[in-house]
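Report on one structure; see the data block that follows.
Everything quoted here is computed from the prediction, not taken from an experiment. All values below come from the heavy atoms of this structure, side chains included, with hydrogens, waters and symmetry mates left out. Residue numbers start from 1 in every chain, and the chains themselves are labelled A, B, ... in the order their sequence lines are given, proteins ahead of strands.
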Amino acid sequence: MDVRAGGQPGSRRSKGPVGSAAPAGLEAALAAVARGDEAAFAVVYDRAAPAVLGTARRILRDPAQSEEVMQEVLLEVWRTASRFDPATGSAAAWITTLAHRRAVDRVRSEQRAARREIRAAAAAIAYDEVADAVEASLDRERVRRCLAGLTELQRESVTLAYYGGYSYREVALLLGVAVGTVKTRMRDGLIRLRDCLGVG
Amino acid sequence: MHALVGAYVLDAIPDRDRSEFERHLLTCEQCRDDVRGLREAGALLAAAVAVTPRPELRGPTLQAAGVTRQLAPVGGEPTRRSWRRREPSAGVVRFWLAGVAVSVAVVLAVTAVVLGLHMAAMQRRLAAEDRRDSAISAILGAHDTVVLTAAVTTGGTATVVMSHHERELVFTANGLTRLPGSRGYELWLSGPTGITPVGMLPPGSRGMSGPMVVGHVAVGDALEVTVEPVGGSPHPTSVPIVRLALDT
């Protein structure tokens, strides 16, 4: 996903038409989608779907459910593209926010239906998976490096929430620390991550 | 920075806290800036775990878009200038909207499960919430959404999000002074033909109350809140602690 467009001036612009009338940059493509441009939606799909699917996979684990969520989110992007306001952040942040929330909401509704036991095993994997990912990518490397710069408690709080889909209360239980501590570690960890990544 | 902003951006916040925090965002510009910045970090957390979808998924998803109607933009039509009080930027309304639009359907689904035990009760409640939520969506999605705020004389702020076109509004309040158990806040709609009770404001946690949907509002109407016995009164028995004129 073209998330680097989020923070660095200049890279937000469309890179211009590539082979068709559809703009190639995510921001410009999303703006065209808001006007009903189906070719631009294909561009948005190609750029955004991998991060959406990856996020859903981390949280839901189940491949079929994750694909469903990915398709739902992309359709939601199509449907509500006119509500995207560049003043409130990058297109990538808007789409991944939709994706993350939808995946978390799905976990929670299942949890409520079946009182899902807390999968403590997931505690260990979230960070390691980023660290040990086979597929190399620039984003992955930057995030891995910046996550490594967090305190352990900050890193675990952020990754358990983001990749594990756990609430702050669940994270507090998993880490054996006070709820208030988890809240501030999530905040401070994200701030440090934001600054390290040079976004926002 | 607000303590909950990290948990909010990470979706690690219970649904109830989430909607409270979103109402808080409505009045806290600094918090909106913080959320905006931290979400960019979240986007990179997502990008870091990207996986390529199976190619078979692409065609159906694009085709589904082709047969799905898109939402009209918010604020496409000029806002009536005659509304009193300040009019927040379209960005503020949209920011709130984005959260509300996403969460309404999900909250409904989740509510069904949470409340679930008794099917019939659940369905009745769902239908009621559905009506309320679709009313809220209609107001927030209207082309002429306007936000009015006013200070409550006894402490706190009242906020109205209304659509002249829909002739409906959503009323919320925050920071209202806690009342003894025997008293409550009652919302009134005051118009040329008199004053009618809308209902008791549900006591919210952390000072947030509402939302309450008020329909059939007309030019010249005003909203008022008074302190009444907890069961409500048919007519106000005390002086209004806030009055929001809905038109000049």
Side-chain angles (χ1 to χ4, degrees), chain A residues 1 3 6-7 36 38 41-42 45 49-51 53-55 57-58 67 70-71 74-75 78-83 85 87-90 92-93 96-101 104-105 108-109 112-113 130 139-140 142-143 158 161-163 166-168 171 183-184 186-187 190 193-194 197 199-200, chain B residues 1-7 9-15 32 34-54 57-58 60-62 64-66 68-74 76 89-91 94-95 97-98 101-103 106-107 109-110 112-114 116:
Chain A
M1 186 178 220
V3 288
E38 291 182 36
F41 182 60
Y45 180 94
L53 180 60
T55 304
R57 280 291 293 273
R58 281 294 178 276
E67 289 181 346
M70 186 274 284
Q71 291 182 299
L74 266 294
L75 206 54
W78 163 262
R79 213 172 63 79
T80 61
S82 66
R83 306 291 163 92
D85 180 358
T88 64
S90 69
T96 52
T97 298
L98 287 176
H100 193 266
R101 186 172 289 190
V104 166
D105 283 335
R108 288 196 191 162
S109 58
R112 278 159 176 151
V130 179
D139 290 332
R140 210 183 295 268
R142 284 170 74 202
V143 168
V158 168
Y162 200 84
Y163 294 131
Y166 293 107
S167 72
Y168 62 73
V171 171
K183 287 183 199 168
T184 54
M186 285 178 174
R187 181 193 62 189
L190 267 186
L193 205 53
R194 174 198 67 190
L197 292 165
V199 293
Chain B
M1 194 184 278
H2 197 293
L4 271 177
V5 68
V9 169
L10 294 167
D11 292 318
I13 187 168
D15 296 329
R32 291 197 297 274
D34 295 336
V35 167
R36 185 176 307 145
L38 298 184
R39 272 188 178 157
E40 300 300 337
L44 273 161
L45 286 173
V49 294
V51 289
T52 308
R54 292 187 294 124
L57 299 175
R58 190 175 187 271
T61 311
L62 301 186
T68 303
R69 183 175 167 76
Q70 294 178 290
L71 294 185
V74 180
S89 68
R94 277 187 214 168
F95 194 91
L97 249 177
V102 172
S103 58
V106 177
V107 168
V110 169
V113 178
V114 179

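Taking OG1 of A/T88 as the start and CZ of B/R39 as the end, the distance is 7.5 Å to the nearest 0.5 Å. Within the model, atoms CD of A/Q71 and CZ of B/R58 stand 13.0 Å from one another, a figure rounded to the nearest 0.5 Å.
Side chain of A/S167 to main chain of B/I13: no donor-acceptor pair is present (N/O by atom type, distance under 3.5 Å, no hydrogens or angles). Counting only distance, with no hydrogens or angles, the side chain of A/Y45 and the backbone of B/T61 share no donor-acceptor pair below 3.5 Å. One N or O on the side chain of B/D11 and one on the backbone of A/R101 form a donor-acceptor pair closer than 3.5 Å. Side-chain N or O atoms of B/E40 include one that pairs as donor or acceptor with a backbone N or O of A/S90 at under 3.5 Å. Judged by distance alone, the side chain of A/R187 and the main-chain N or O of B/G6 form no donor-acceptor pair under 3.5 Å. The closest donor-acceptor contact from the side chain of A/Y163 to the backbone of B/A46 lies at 3.5 Å or more, if one exists at all. Side-chain N or O atoms of A/R57 include none that pairs as donor or acceptor with a backbone N or O of B/A50 at under 3.5 Å.
Not counting sequence neighbours, the partners of A/F41 by the ring pair (Phe, Tyr, Trp, His ring centres under 6.0 Å) test are A/W78. Partners of A/T184 by side-chain hydrogen bond (donor to acceptor under 3.5 Å, both in side chains), not counting sequence neighbours: none found.
Counting heavy atoms from C-beta on, the side chains of B/Q70 and A/S82 never come closer than 4.5 Å. Counting only heavy atoms from C-beta outward, the side chains of A/Y168 and B/L4 approach each other to under 4.5 Å. Residues A/R79 and B/R69 have side chains not in contact (no heavy-atom distance under 4.5 Å, counting atoms from C-beta outward).
Most heavy-atom pairs under 4.5 Å with chain B, from the set A/T55, A/L190, A/L74, A/V104: that is A/L190. Counting heavy-atom pairs under 4.5 Å between each of B/V9, B/L10, B/T68 and chain A puts B/L10 at the top. Counting heavy-atom pairs closer than 4.5 Å to chain B, the top residue among A/E38, A/H100, A/M70 is A/H100.
In this structure, A/D139 and B/L44 approach most closely via the heavy-atom pair OD1-CD2, 3.5 Å. Nearest heavy atoms, A/L193 versus B/L45: CD2-CD2, 3.8 Å. Considering all non-hydrogen atoms of both residues, B/P14 and A/R108 come closest at CA-NH1, 3.7 Å. Shortest non-hydrogen contact noted between A/R140 and B/V49 is NH1-CA, 3.8 Å. In terms of heavy-atom proximity, A/A49 sits nearest to B/P53 at CB-CG, 3.8 Å.
If you measure heavy-atom distances from A/V158 to chain B, the contacts under 4.5 Å come from both the backbone and the side chain.
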